[in-house]
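Taking it in order: structure first as structure tokens, then the write-up.
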Amino acid sequence: MKATLGYASHAAADKLGPFNFERRDPLPHDVAIEILYCGVCHSDLHQVRNEWHNTIYPCVPGHEIVGRVTKVGAHVTKFKEGDLAAVGCMVDSCRKCPSCDRGLEQYCDVGPVFTYNGPDKHSGAQTFGGYSDSIVVDEAFVLHVPANLDLAAVAPLLCAGITTYSPLHHWKVGKGQKVGIVGLGGLGHMGVKFAHALGAHTVLFTTSPGKAEDAKRLGADEVVVSKNADEMKAHARSFDFILDCVSAQHDINEYLNLLKVDGNITLVGAPEHPLPVAAFPLLMGRRSLSGSGIGGIAETQEMLDFCGQHGITSEIEMINMDYINTAYDRLLKSDVKYRFVIDMKSLK
Ligand code: NAP
Ligand code: ZN
Ligand code: ZN
């Protein structure tokens, strides 16, 4: 066992603080990674504050992990000591159900093992995430990092990146389409970058007029301030696809009304409370509403390789570990440009 230092919360109302625990020694298929950077996802905040009502404490969040391999098990073939490596939201799955067979480990029929707050396959206790100095993960769930990208700015790709890339591909977003991205936060800003890279006419919807210039720089062709009813109305019945990346309560019906006939809105945001959906905006236009969760392991590697080829990374604000509670307060005010990334050196 290896002594590990992390940051944990011990109750929903608790702040995060230093926490000592142990990681297992690498098993034959395991890769041990020294964590260099970890992104801060709004899901970390939802989980730490028990907004999804399933948190097990102590909770060490973090699922946008990049670092360097320090040790590999005897049967590991994909990695060697010294390699860069990345870990996202999952560290294992059943590997034999129909979803796993299709490379959709995130929808594993018995449930994937999430990087934190999941049932650890080996210890039986819960998993601890990337707000820590090291992690041990089966090589099947470890990703390769393109060497040409800034490592800290790669970290958010492991969740914000794949969560937006996957639905844009599933719904075949590309040239000739008008695509909306709702919310310019961690997920939304990656959505804008990917929709633009795929050739779609990309429109960002924001509640923060001050983000308009950034959105255009990141690849948006148009920016709509969603609180302005006239601006919204001007886009009625015009979108092929909308990706909703909002972390809090908002009116999804306003966006259904902006879809063309047969248009789709996909929810990736995961607010604490249900979002009411009215029947008529769905009926009148055969529109559909769907959801999407992260992405499979092969698709995550494909996304990282795509980012390597197109020079795509996240826009980050680097923070020290002890800034995390302030960072959470800022997330709640939509005040992040556009992903906090923890420099894990600050933990030592
Ligand atoms: P984030 O960085 O905090 O961004 C959320 C953005 O939503 C804000 O920047 C803001 O953008 C907008 N927003 C916030 N409150 C709003 C409100 N009341 N009404 C309208 N817009 C509002 O969060 P994130 O890390 O991108 O995560 C977004 C959501 O996705 C979270 O709920 C997270 O748990 C979820 N998530 C889901 C998956 C999945 O697999 N489906 C994966 C990761 C995260 P503007 O300032 O531009 O309005
Ligand atoms: Zn996440
Ligand atoms: Zn499975």
Side-chain angles (χ1 to χ4, degrees), residues 38-49 51-52 61-65 88-90 92-116 129-130 155-167 181-192 204-212 214-215 218 220 223-227 243-252 254-255 266-273 275 290-297 300 314-317 327-340:
C38 184
V40 178
C41 181
H42 205 113
S43 299
D44 301 345
L45 187 160
H46 289 308
Q47 194 76 67
V48 158
R49 301 196 176 171
E51 291 176 4
W52 296 333
H63 57 207
E64 294 184 336
I65 298 167
C89 301
M90 299 178 284
D92 218 326
S93 71
C94 87
R95 307 190 196 192
K96 52 187 185 215
C97 72
S99 300
C100 287
D101 278 349
R102 290 174 63 197
L104 299 171
E105 298 89 353
Q106 76 275 32
Y107 306 132
C108 174
D109 294 351
V110 297
V113 179
F114 288 112
T115 304
Y116 61 85
L157 301 179
L158 275 302
C159 177
I162 184 60
T163 301
T164 49
Y165 180 93
S166 182
I181 306 289
V182 189
L184 197 68
L187 266 56
H189 92 288
M190 291 312 307
V192 167
L204 172 79
F205 294 93
T206 182
T207 58
S208 310
K211 293 180 181 174
D214 281 348
L218 299 175
V223 176
V224 173
V225 176
S226 53
K227 293 180 209 157
L243 189 65
D244 185 331
C245 305
V246 174
S247 52
Q249 286 320 104
H250 60 292
D251 184 2
I252 197 165
E254 287 185 0
Y255 295 97
T266 290
L267 206 60
V268 286
E272 177 178 8
H273 302 293
L275 300 172
S290 57
S292 185
I294 47 175
I297 292 298
T300 304
S314 171
E315 310 287 302
I316 66 166
E317 178 177 338
Y328 280 10
D329 291 343
R330 285 181 53 194
L331 276 187
L332 289 175
K333 292 185 208 147
S334 301
D335 175 23
V336 52
K337 290 183 173 170
Y338 283 91
R339 197 56 140 189
F340 294 115

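In each ligand, atom 1 is the first atom listed, and ligand 1 is the first ligand listed.
Using a 4.0 Å cut-off between heavy atoms, Ala160 makes no contact with ligand 1 at all. Contacts between Ser292 and ligand 1, counted as non-hydrogen atom pairs separated by less than 4.0 Å, involve the backbone only. Residue contacts with ligand 1, taken as heavy atom pairs separated by less than 4.0 Å, involve Thr163 solely via side-chain atoms from C-beta onward. Contact annotation for Tyr328 and ligand 1: no heavy atom of the residue comes within less than 4.0 Å of the ligand. If you look at Lys211 next to ligand 1, the close heavy atoms, those under 4.0 Å, all belong to the side chain.
Numbered from 1 in the order shown, with element, the atoms of ligand 1 that lie under 4.0 Å from a heavy atom of Leu184 read 9 (O), 11 (O), 45 (P), 47 (O). Shown in contact with Ile294 at under 4.0 Å from a heavy atom are these atoms of ligand 1, numbered in order with element: 39 (C), 40 (O). Ligand-side atoms of ligand 1 in range of Trp52: 34 (O), range being under 4.0 angstrom from any heavy atom. Near Gly183, meaning under 4.0 Å from one of its heavy atoms, ligand 1 places the atoms 11 (O), 47 (O). Against a heavy-atom cut-off of under 4.0 Å, Cys159 is close to the following atoms of ligand 1: 42 (C), 43 (C). Every atom of ligand 1 is numbered from 1 in the order shown, and the set under 4.0 Å from a heavy atom of Thr206 is 45 (P), 46 (O), 47 (O), 48 (O). Within the listing of ligand 1, atoms 7 (O), 13 (N), 16 (C), 20 (C), 21 (N), 22 (C) sit less than 4.0 angstrom from a heavy atom of Val246.
Judged purely by atom type and a 3.5 angstrom limit, Glu64 uses its side chain to pair as donor or acceptor with the backbone of Ala160. A side-chain donor-acceptor contact under 3.5 Å links Thr115 to the backbone of Gly88. Under a 3.5 Å cut-off, the side chain of Lys211 and the backbone N or O of Thr206 do not form any donor-acceptor pair. Checked by atom type and distance alone, the side chain of Tyr338 never pairs as donor or acceptor with a backbone atom of Gly188 at under 3.5 Å. Between the side chain of His189 and the backbone N or O of Glu315, at least one donor-acceptor pair lies under 3.5 Å. Judged by distance alone, with hydrogens and angles left aside, the side-chain atoms of Arg330 form a donor-acceptor pair with the main-chain N or O of Asp335 at under 3.5 Å. The main-chain N or O of Pro271 is never found under 3.5 Å from a side-chain atom of His273 such that the two would form a donor-acceptor pair. Not one N or O on the side chain of Ser99 forms a donor-acceptor pair closer than 3.5 Å with the backbone of Cys108. The main-chain N or O of Cys159 is found under 3.5 Å from a side-chain atom of Thr163 such that the two form a donor-acceptor pair.
Contact between Thr266 and Gly291 at its shortest, heavy atoms only, is CG2-C, 3.8 Å. In terms of heavy-atom proximity, Arg339 sits nearest to Gly186 at NH1-CA, 3.6 Å. The two residues His46 and Ser247 have their closest heavy-atom pair at CE1-O, 3.5 Å. Nearest heavy atom pair, residue Cys245 against residue Gly183, reads CB-O, 4.3 Å.
With atom 23 (O) of ligand 1 as the reference point, the heavy atom nearest to it among His42, Gln106, Lys227 is part of His42. Considering each of Gln47, Gln249, His250, the one bringing a non-hydrogen atom nearest atom 18 (N) of ligand 1 is Gln249.
For a threshold of 3.5 Å applied to N or O pairs, the pair formed by Gly293 and ligand 1 contains no separation below that value. Considering backbone and side-chain atoms together, Val268 places an N or O closer than 3.5 Å to an N or O of ligand 1. For ligand 1, none of its N or O atoms has an N or O atom of Val336 under 3.5 Å away. The distance criterion of under 3.5 Å between nitrogen or oxygen atoms is not met by Phe205 with respect to ligand 1.
Among protein heavy atoms, atom 4 (O) of ligand 1 sits closest to Gly185 CA, 3.3 Å. Among all protein heavy atoms, the one lying closest to atom 5 (C) of ligand 1 is Ser247 OG, 3.5 Å. Here the heavy atom of the protein found nearest to atom 31 (C) of ligand 1 is His46 NE2, 3.5 Å. The single protein non-hydrogen atom nearest to atom 15 (N) of ligand 1 is Ala248 CB, 3.7 Å, given as residue, atom name and distance. With hydrogens left out, the protein atom closest to atom 46 (O) of ligand 1 is Ser208 OG, 2.5 Å, a heavy atom. Ranking the protein heavy atoms by distance from atom 14 (C) of ligand 1 puts Ser334 OG, 3.4 Å first. Ranking protein heavy atoms by distance to atom 48 (O) of ligand 1, first place goes to Thr207 OG1, 2.5 Å. Regarding atom 33 (C) of ligand 1, its nearest protein heavy-atom neighbour is Ser43 OG, 3.4 Å.
Between Thr207 and Ser226, the side chains place no donor N or O within less than 3.5 Å of an acceptor N or O (distance only, hydrogens not considered). A donor atom on one side chain and an acceptor atom on the other are not found under 3.5 Å apart for Asp44 and Tyr328.
Using a non-hydrogen distance threshold of 4.0 Å, Arg339 registers as a contact of ligand 1.
Under 4.0 Å is where a charged nitrogen must lie from a carboxylate oxygen, and between Glu272 and Arg49 no such pair does.
The Zn ion (ligand 2) has Cys41 among its coordinating residues (N/O/S atom, backbone or side chain, under 2.8 Å). Inclusion of His63 in the first shell of the Zn ion (ligand 2) is supported: an N, O or S atom falls under 2.8 Å.
When SG of Cys100 and SG of Cys108 are joined through the Zn ion (ligand 3), the resulting angle is 110° to the nearest 10°.
Residues Leu158 and Thr300 meet the side-chain proximity criterion, which asks for heavy atoms closer than 4.5 Å.
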